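Okay, structure first, notes after.
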Amino acid sequence: MTDRVPPAVERLLPSDEARDLLALVQDIARREIAPAAAEEEAAGRFPRALFTLLSESGLLGLPYPAAYGGGDQPYEVYLQVLEELAAARLTVGLGVSVHTLATYALATHGTEEQRSARLPAMLGGGLLGAYCLSEPTSGSDAAALRTRAVRDGDGWIIDGTKAWTTHGGIADFYTVMARTGGEGARGITAFLVPGDTEGLSAAPPEKKMGLNGSPTAQVHFDGVRIPDALRIGDEGEGFAIALAALDSGRLGIAACAVGVARAALDEAVAYATMRRQFGRPIADFQGLRFLLADMATRVESGRALYLAAARLRDAGRPFVRQAAMAKLHCTDAAMQVTTDAVQVLGGYGYTADFPVERYLREAKVLQIVEGTNQIQRMVIARHLLGPETR
């Protein structure tokens with residue numbers, strides 16, 4: 001890793017409070033996250049103590065109401081916090097994004113009684129959330145899920161298996177989509193399941209090519225009984241809640257992708273100014289200068305796109321198409337920028353002595369999670385052309 005300090009990102013923030021918040025996040029990233037990132041990712045260690053610190057610092061509930069312990073921050077600010085965290089370590093940025101995703105259902109569709117009772121602990125009480133939609137046989141076709149919840153007196157019994165669950169096995173609560181009615185999207189209901197509920201268990205974490213510090217696991221529900229008070233929204237409303245959560249969550253993934261791409265660009269620029277060949281820094285060679293210029297443009301355009309979508313969301317305007325575009329563009333850009341960063345470093349880029357090979361492995365998953373980029377293209381095309389004819 002190079003020692004050059006990268007330049008600060010030029011940000012247009014809406015308030016002094018937001019500027020102070022970003023300064024706090026940058027300080028935490030510099031002191032608490034970045035120094036141990038490479039070692040902990042190599043060892044596959046999840047930084048639970050760090051998430052406790054983030055919760056105590058008010059960073060796990062930023063876009064939610066202050067009345068329930070949230071930060072009352074617009075998405076425009078929250079996403080820039082995610083970018084800073086992901087630039088220091090993707091496990092942390094993605095973890096905050098997933099926690100926000102898991103909290104969405106209760107925060108937006110829970111009753112006042114549910115929110116008052118549970119949301120403060122979820123936003124600032126040190127808890128960590130997980131989001132359970134995908135299953136072993138239903139990924140992109142999420143409406144085909146088979147996990148079932150059956151009424152039992154004044155509660156529900158849930159049986160089934162969820163797949164690809166970030167924080168699976170370590171989460172304190174799971175937002176779960178389960179089938180309560182017939183086939184299709186209208187038969188799905190949302191539930192909040194505490195992590196210590198009897199009958200809930202997790203398989204060993206998946207062995208992945210990257211993002212090893214963030215556990216991804218199947219979660220099993222074997223006769224899990226919960227009261228009806230933990231049902232979120234009306235019966236049959238769960239799939240709509242799930243999709244609305246993902247619309248916002250995709251902006252989180254976009255911001256994380258820009259963070260990873262930015263970290264790779266900073267490392268490539270630092271290396272290019274240090275490394276000498278043919279008697280001068282390789283940064284003097286036009287081919288490499290053009291490559292770095294393209295990388296920087298991808299990072300800046302990605303940030304502009306996710307911020308434009310966030311500002312629409314903050315204004316209460318439709319943003320689904322723009323969220324899909326941001327997720328698509330930013331994650332594809334991250335894949336290209338990290339690939340180019342490895343190329344800039346040459347043989348060193350292929351070694352674990354420098355972080356760019358880790359950035360490359362981590363960028364790949366961002367093209368897959370929370371709707372593959374092929375799904376994003378389908379969403380964008382439907383907004384442009386209408387639904388497909390059959």
Side-chain angles (χ1 to χ4, degrees), residues 17-18 21 48 51-75 77-78 81-82 95-133 149 151-158 165-167 170-178 180 188-200 219 221 224-249 251-252 313-314 316:
E17 181 185 10
L21 174 62
R48 185 58 194 259
F51 276 83
T52 300
L53 171 63
L54 296 178
S55 180
E56 293 171 348
S57 303
L59 300 180
L60 292 190
L62 287 176
Y64 294 119
Y68 303 104
D72 256 339
Q73 290 297 315
Y75 247 65
V77 173
Y78 159 67
V81 168
L82 284 187
V96 174
S97 182
V98 167
H99 178 82
T100 304
L101 176 71
T103 307
Y104 178 92
L106 183 65
T108 60
H109 289 78
T111 65
E112 178 59 33
E113 182 179 2
Q114 288 174 322
R115 290 197 294 264
S116 297
R118 297 185 176 272
L119 204 50
M122 292 162 66
L123 298 181
L127 302 186
L128 187 67
Y131 179 83
C132 295
L133 176 62
R151 273 200 178 272
D152 180 58
D154 60 351
W156 299 84
I157 295 179
I158 304 176
T165 304
T166 301
H167 304 154
I170 65 169
D172 298 297
F173 65 91
Y174 296 81
T175 296
V176 181
M177 306 302 160
T180 56
I188 298 170
T189 301
F191 298 91
L192 182 68
V193 182
D196 60 357
T197 304
E198 185 177 355
L200 187 156
V219 178
F221 300 84
V224 171
R225 192 181 195 285
I226 60 171
D228 189 56
L230 292 180
R231 171 178 51 84
I232 303 175
D234 294 331
E235 290 184 46
E237 193 180 8
F239 196 68
I241 294 173
L243 292 187
L246 286 173
D247 289 335
S248 295
L251 290 178
R313 186 190 188 281
D314 290 335

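Predicted model, so just to flag it, every value in this text is computed and none were measured. For the single chain, residues carry numbers from 1 onward in sequence order.
- Between the side chain of T100 and the backbone N or O of V96, at least one donor-acceptor pair lies under 3.5 Å.
- Partners of D247 by side chain to side chain donor-acceptor pair (under 3.5 Å), not counting sequence neighbours: none found.
- Enclosure of atom CZ in R118 is not indicated, since only 12 or fewer non-hydrogen atoms of other residues, nucleotides or ligands lie within 6.0 angstrom.
- Residues V176 and V219 have side chains not in contact (no heavy-atom distance under 4.5 Å, counting atoms from C-beta outward).
- A distance of 9.0 Å separates CG of L101 from OG1 of T166, quoted to the nearest 0.5 Å.
- Residues meeting the ring pair (Phe, Tyr, Trp, His ring centres under 6.0 Å) test with Y131, sequence neighbours left out: none.
- Contacts of A130 classified as side-chain contact (heavy atoms from CB on, under 4.5 Å), with partners at least two apart in sequence or in another chain: T165, H167, A171, Y174.
- Taking the side-chain contact (heavy atoms from CB on, under 4.5 Å) definition, one finds that T108 meets it with Y104, sequence neighbours left out.
- Remark: side-chain polar atoms of D172 are not paired, donor with acceptor, to backbone N or O of G195 under 3.5 angstrom.
- Contacts of D314 classified as salt bridge (charged side-chain N to carboxylate O under 4.0 Å, His left out), with partners at least two apart in sequence or in another chain: none.
- In this structure, H109 NE2 and R115 CZ are separated by 10.5 Å, a value rounded to the nearest 0.5 Å.
- In terms of the side-chain contact (heavy atoms from CB on, under 4.5 Å) criterion, residue partners of I157 (sequence neighbours excluded) are, by chain and number, D152, D159, R225.
- Q73 places no side-chain N or O within 3.5 Å of a backbone atom of A18 that could act as its donor or acceptor partner.
- Under the side chain to side chain donor-acceptor pair (under 3.5 Å) criterion, T189 pairs with T180, not counting sequence neighbours.
- Among residues two or more places apart in sequence or in another chain, the ring pair (Phe, Tyr, Trp, His ring centres under 6.0 Å) test is passed with F191 by W156.
- Here the side chains of L59 and L21 are in contact, with some heavy-atom distance below 4.5 Å.
- To the nearest 0.5 angstrom, M122 atom CE is 5.5 Å from T175 atom OG1.
- Judged as a salt bridge (charged side-chain N to carboxylate O under 4.0 Å, His left out), and not counting sequence neighbours, D196 has no contacts.
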Just do the side-chain contact (heavy atoms from CB on, under 4.5 Å) check on V77 and L62 with the steps written out, would you?
CA-CA 9 Å; V77 173; L62 287 176; 6.0 Å; no
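- For F173, the ring pair (Phe, Tyr, Trp, His ring centres under 6.0 Å) partners at least two apart in sequence or on another chain are H99.
- Atom CD1 of I241 is separated from atom CD1 of I188 by 11.0 Å, given to the nearest 0.5 angstrom.
- Between the CG atom in L246 and the CG atom in L251 there is a gap of 11.0 Å [rounded to 0.5 Å].
- A distance of 7.5 Å separates CD in Q114 from CG in L230, rounded to the nearest 0.5 Å.
- Residues satisfying the side-chain contact (heavy atoms from CB on, under 4.5 Å) test with S116, not counting sequence neighbours, are Y68, E112.
- Shown here are the salt bridge (charged side-chain N to carboxylate O under 4.0 Å, His left out) partners of R151, two or more places apart in sequence or in another chain: D228, E235.
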